[in-house]
4 protein chains.
Amino acid sequence: MSAEQSPDPAEEPARRGRPRSEASRLKVLTAAARLMVEGGFEHLTVEGIAAEAGVAKQTVYRWWGSKADVVVETIADGHLPTPVEGPEDTGDLRADVRAWLEEIFGAVELGDTSRLVRALLAALASASETAAAINAALIEPIQEGLRERFVLEAQRRPGALPSDPGFLADTVGASVLLHIMLGDPLEQQWMQQLLDLVAPAGSRLD
Amino acid sequence: MSAEQSPDPAEEPARRGRPRSEASRLKVLTAAARLMVEGGFEHLTVEGIAAEAGVAKQTVYRWWGSKADVVVETIADGHLPTPVEGPEDTGDLRADVRAWLEEIFGAVELGDTSRLVRALLAALASASETAAAINAALIEPIQEGLRERFVLEAQRRPGALPSDPGFLADTVGASVLLHIMLGDPLEQQWMQQLLDLVAPAGSRLD
Amino acid sequence: MSAEQSPDPAEEPARRGRPRSEASRLKVLTAAARLMVEGGFEHLTVEGIAAEAGVAKQTVYRWWGSKADVVVETIADGHLPTPVEGPEDTGDLRADVRAWLEEIFGAVELGDTSRLVRALLAALASASETAAAINAALIEPIQEGLRERFVLEAQRRPGALPSDPGFLADTVGASVLLHIMLGDPLEQQWMQQLLDLVAPAGSRLD
Amino acid sequence: MSAEQSPDPAEEPARRGRPRSEASRLKVLTAAARLMVEGGFEHLTVEGIAAEAGVAKQTVYRWWGSKADVVVETIADGHLPTPVEGPEDTGDLRADVRAWLEEIFGAVELGDTSRLVRALLAALASASETAAAINAALIEPIQEGLRERFVLEAQRRPGALPSDPGFLADTVGASVLLHIMLGDPLEQQWMQQLLDLVAPAGSRLD
DNA sequence: TGATAATCGAGACGGTACGTCCAGTCTTCTC
DNA sequence: GAGAAGACTGGACGTACCGTCTCGATTATCA
């Protein structure tokens with residue numbers, strides 16, 4: 001899936017026929033992004049995408065096998081506001097993760113993000129063959145962002161983390177995603193406990 | 001949705017007309033269960049359920065508003081093998097959770113469970129109004145099973161748990177669900193770390 | 001094909017389900033007639049018929065297998081101006097057939113009839129399974145009209161016809177249809193010869 | 001359409017660029033003939049022709065305006081077995097026409113010819129602008145074949161024919177074509193009557 | 001006991017979207 | 001320039017389900 005293009009351009013020297021229109025590709029992806037934000041994955045239709053993009057339906061089917069495929073590429077290409085970056089680094093892991101959580105749940109409450117996450121999970125659930133792709137597009141970035149911050153912390157303060165940074169990122173990411181999926185608000189107690197998980201409180205007061 | 005039947009039978013004093021057929025209700029639910037296991041939520045259709053059940057489509061629409069509603073009741077009524085119970089209690093929390101994880105991922109690898117979980121999450125994702133219902137049908141039972149075991153442990157060995165039983169159950173449950181959703185296999189290292197999370201290893205060797 | 005309805009109504013006692021909508025049937029047929037006259041069989045589409053009729057496409061496909069089937073029933077039901085009746089009977093066969101020819105070719109030149117005939121022949125040619133139906137709807141009526149007039153003549157003046165009335169009707173009908181199909185105008189000489197075929201001129205002057 | 005090639009070569013003074021490929025032209029025509037016999041005019045597509053011929057679709061469109069045009073040229077070039085020649089001349093007109101009819105209807109029953117005739121009539125009916133071309137390719141040859149035989153007869157036995165040879169050819173041809181179009185078998189009685197039409201039986205026994 | 005009323009099966013209805021096919025046109029590189 | 005390749009817009013195809021709507025038949029309560 002990831003290695004369709006040859007590293008050596010000499011191997012694919014002269015594709016014949018009219019080349020694929022990059023303009024059409026972009027029109028499809030931006031249209032999909034637009035409609036995704038408006039109506040979610042469930043109300044997304046291939047016909048709708050084609051119409052919004054001003055493109056023939058066949059052009060969509062020529063390059064993508066399903067709307068899930070379109071959505072995946074839409075995200076991978078960054079046409080949808082990927083819900084999150086990892087936490088900032090101010091030196092205080094606990095505060096950083098706290099701010100990150102508040103930012104995410106804030107975005108969710110504001111609207112689009114929740115629908116987006118739900119849409120992506122729907123895409124994931126409905127197209128098992130694209131599970132890996134959506135995982136790569138949605139979930140891994142979040143967990144990777146977390147992991148980077150955790151690794152930083154581990155380097156800075158060896159022994160400060162209660163367990164492996166990767167595992168922590170995996171766990172915290174899963175927890176956050178599921179709560180977003182269920183539309184849960186950010187509860188103070190839950191957040192405290194999550195913070196304790198990644199950065200045992202010691203004597204701090206939050 | 002949840003309060004259709006009145007607690008006081010005197011309030012619903014012998015409705016006139018032909019009463020609802022319990023037989024049809026059951027035929028619908030078992031048909032839905034059958035089709036769910038075969039094709040997943042995405043390939044489930046109201047027409048298919050009605051046909052499989054030998055029931056008129058209108059009968060489905062009369063009593064359920066959508067296929068998600070049917071699925072929810074199917075699970076609630078126990079016609080679908082709910083993926084998991086909580087862990088057993090043998091006195092050794094770590095061993096219990098370990099066995100529980102192996103059982104779950106074993107079932108997933110065997111086949112139907114993965115599709116089922118994915119189907120339910122799809123239902124959840126596609127029908128926000130039923131999110132609570134599916135949460136209640138799928139996620140809470142898992143987390144509740146975990147919580148009960150954790151509470152037991154906390155009572156038995158105060159201070160043994162690194163954090164609140166409810167929070168632990170929430171976290172572990174989310175992590176497990178997401179991994180199932182993604183079709184991940186059970187990795188030894190990940191499991192060890194998860195076990196460390198709920199039952200710090202001490203000197204034990206697994 | 002011709003005997004779907006039972007002569008004994010007791011044999012088809014209780015069709016279940018919602019009965020077929022006669023209104024929809026008529027809307028489809030009149031819409032088809034309208035579009036047929038406007039654009040001919042080639043530009044006729046099932047989608048167009050459905051839209052013009054204000055009917056779901058599936059309703060067309062439920063009752064007719066193709067646009068040819070719709071057209072056949074449209075004619076059979078008399079929603080299209082059947083190109084011709086047989087010749088009148090004024091007592092003078094030659095004059096009657098002459099008038100008949102002029103009427104037909106007049107209609108053709110005026111416009112719609114030619115397109116109609118061509119359309120029907122196209123339908124016939126494109127759908128061999130409906131050949132019989134279109135034959136029954138278009139060709140046989142013409143030949144039957146001719147035959148009736150010829151039979152009348154044969155009864156009135158035994159020996160006046162040069163050959164069997166049925167055969168004469170077949171031959172003349174075929175000739176006329178093919179000329180219409182080709183868009184030929186009515187040539188005087190050809191007509192004279194055709195008239196001679198059915199009613200040898202004797203001493204008459206036309 | 002009929003005068004693409006100039007009679008005077010001086011008028012077309014050495015066109016520049018690559019000359020038209022005769023090989024491609026032939027590949028298209030033979031491919032069209034092949035597909036025509038297989039599936040009839042209705043299933044014939046320009047894309048199919050191009051693919052079967054190993055030629056770019058554009059090459060077809062460059063030189064022919066429609067699939068009907070291709071078919072016409074296919075016939076004109078003799079790549080399709082033109083259904084019939086005129087009747088042989090053995091001196092006995094009645095026997096000759098009889099043999100001719102039996103040959104034609106025999107070919108029809110054997111298979112391809114009927115489809116072919118139907119296909120051509122469909123082409124004719126669906127593309128009014130090519131009516132003349134198909135008339136020239138299919139109908140006129142038949143009628144011309146008949147006419148020649150009739151003319152011969154008229155020269156040999158003046159007064160033997162009941163009417164003008166051209167008219168007879170027109171009438172008989174139309175009748176035969178329509179019967180083929182309808183898939184009718186060759187009926188003895190009809191044939192006898194047709195023979196009577198062109199060669200009054202006198203005392204003969206067939 | 002018969003009228004009333006709601007459910008049941010069946011299945012047709014207006015719709016929306018599907019995924020495919022083909023028409024004709026356009027764009028690129030090669031001969 | 002012709003030609004092969006093949007992507008492009010456009011539009012109809014025939015199918016699958018949606019959720020709604022009659023039907024006749026059934027099964028209860030109520031008068």
Side-chain angles (χ1 to χ4, degrees), chain A residues 13-21 23-25 43-51 53-63 65-67, chain B residues 13-21 23-25 27 43-51 53-63 65-67, chain C residues 13-21 23-25 27 43-51 53-63 65-67, chain D residues 15-21 23-24 27 43-51 53-63 65-67:
Chain A
R15 296 248 304 96
R16 300 219 295 180
R18 181 177 180 173
R20 175 174 184 181
S21 162
S24 290
R25 190 182 142 268
H43 295 127
L44 198 63
T45 67
V46 174
E47 283 196 343
I49 294 172
V55 142
K57 197 165 41 151
Q58 185 58 47
T59 297
V60 178
Y61 280 109
R62 193 175 353 256
W63 301 109
S66 64
K67 63 175 178 174
Chain B
R15 306 217 298 96
R16 299 222 315 173
R18 182 175 179 173
R20 174 174 185 181
S21 161
S24 291
R25 187 182 145 268
K27 281 192 290 183
H43 295 128
L44 197 64
T45 67
V46 174
E47 282 195 343
I49 294 172
V55 142
K57 198 162 45 150
Q58 185 59 47
T59 298
V60 178
Y61 280 109
R62 189 166 6 245
W63 302 109
S66 64
K67 64 175 178 176
Chain C
R15 298 252 300 95
R16 302 218 295 180
R18 180 177 179 172
R20 175 174 184 180
S21 161
S24 291
R25 188 182 143 269
K27 282 191 290 181
H43 295 128
L44 197 64
T45 66
V46 174
E47 282 195 343
I49 293 172
V55 142
K57 197 167 35 155
Q58 185 58 47
T59 297
V60 178
Y61 281 109
R62 190 168 7 249
W63 300 109
S66 64
K67 61 176 178 173
Chain D
R15 309 218 295 98
R16 302 216 313 170
R18 181 174 177 176
R20 175 176 183 180
S21 161
S24 291
K27 280 191 291 181
H43 296 127
L44 198 64
T45 66
V46 173
E47 279 191 347
I49 294 172
V55 142
K57 201 165 37 151
Q58 184 59 46
T59 298
V60 178
Y61 280 108
R62 195 172 351 254
W63 300 109
S66 64
K67 63 175 177 175

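Every chain is numbered from 1 and lettered A, B, ... according to where its sequence line falls, protein lines coming before strand lines.
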Problem - Interatomic distance, Y61(D) OH vs dA5(F) C1' [rounded to whole Å] - result: 16 Å
Exercise for the section: Would you indicate, yes or no, if dC8(F) has its OP1 or OP2 atom less than 4.0 angstrom from a side-chain nitrogen or oxygen of R62(A)? Expected result: yes
Practice task
Tell me what G48(B) touches on the nucleic acid: a base, only sugar-phosphate, or nothing, going by heavy atoms under 4.0 Å.
Solution key: nothing
Practice task
Measure distances between side-chain N and O atoms of R18(C) and base N and O atoms of dC21(F), and say whether any donor-acceptor pair falls under 3.5 Å.
Solution key: yes
Exercise for the section: Let me know, please, whether G17(A) or H43(B) comes out on the 5' side of the other along DNA chain F by nearest nucleotide. Expected result: G17(A)
Problem - For the student: nearest non-hydrogen atoms of A56(D) and A50(D), plus distance - result: C-CB, 4.1 Å
Problem - Heavy-atom donor-acceptor pair, Q58(A) side-chain to dC8(F) base, under 3.5 Å - result: no
Practice task
Give a yes/no answer on whether the side chain of W63(B) brings an N or O atom under 4.0 Å of OP1 or OP2 in dC8(E).
Solution key: yes
Handout entry: Test item: R25(A) and W63(A) side chains (from C-beta on) under 4.5 Å apart, heavy atoms
Key = no
Fill in the blank from the handout: Comparing nearest nucleotides in DNA chain E, the 5'-proximal residue of the pair T59(C), K27(B) is K27(B)
Exercise for the section: Check every atom of dA4(F), dC30(F), dA17(E) against the side chain of R16(B) and return the nucleotide holding the closest atom. Expected result: dC30(F)
Practice task
Tell me which nucleotide among dG3(F), dC23(F), dA17(E) gets nearest to the side chain of E47(A).
Solution key: dA17(E)
Fill in the blank from the handout: Between K27(D) and G54(D), the two heavy atoms sitting closest are NZ-O, 3.9 Å
Completion exercise
Between S24(A) and S21(A), the two heavy atoms sitting closest are N-OG, 3.0 Å
Exercise for the section: Would you kindly compare R25(B) and L44(A) by the position of their nearest DNA chain E nucleotide and give the one closer to the 5′ end? Expected result: R25(B)
Practice task
Mind calculating the distance between CD1 (I49(B)) and P (dC17(F)) to the nearest angstrom?
Solution key: 12 Å
Handout entry: Residue-phosphate contact under 4.0 Å: S24(A) side-chain N/O, dT9(F) OP1/OP2
Key = yes
Completion exercise
Rounded to whole Å, the NZ-P distance (K57(A) to dC13(F)) equals 13 Å
Practice task
Name the closest nucleotide to the V46(A) side chain, picking from dA4(F), dG19(E), dA7(F).
Solution key: dG19(E)
Practice task
Calculate, to the nearest 0.5 Å, the distance between atoms NZ and CD1 belonging to K67(B) and I49(B) respectively.
Solution key: 8.0 Å
Exercise for the section: May I ask you to say what T45(D) touches in the nucleic acid, namely base, sugar-phosphate or nothing, with a heavy-atom cut-off under 4.0 Å? Expected result: sugar-phosphate
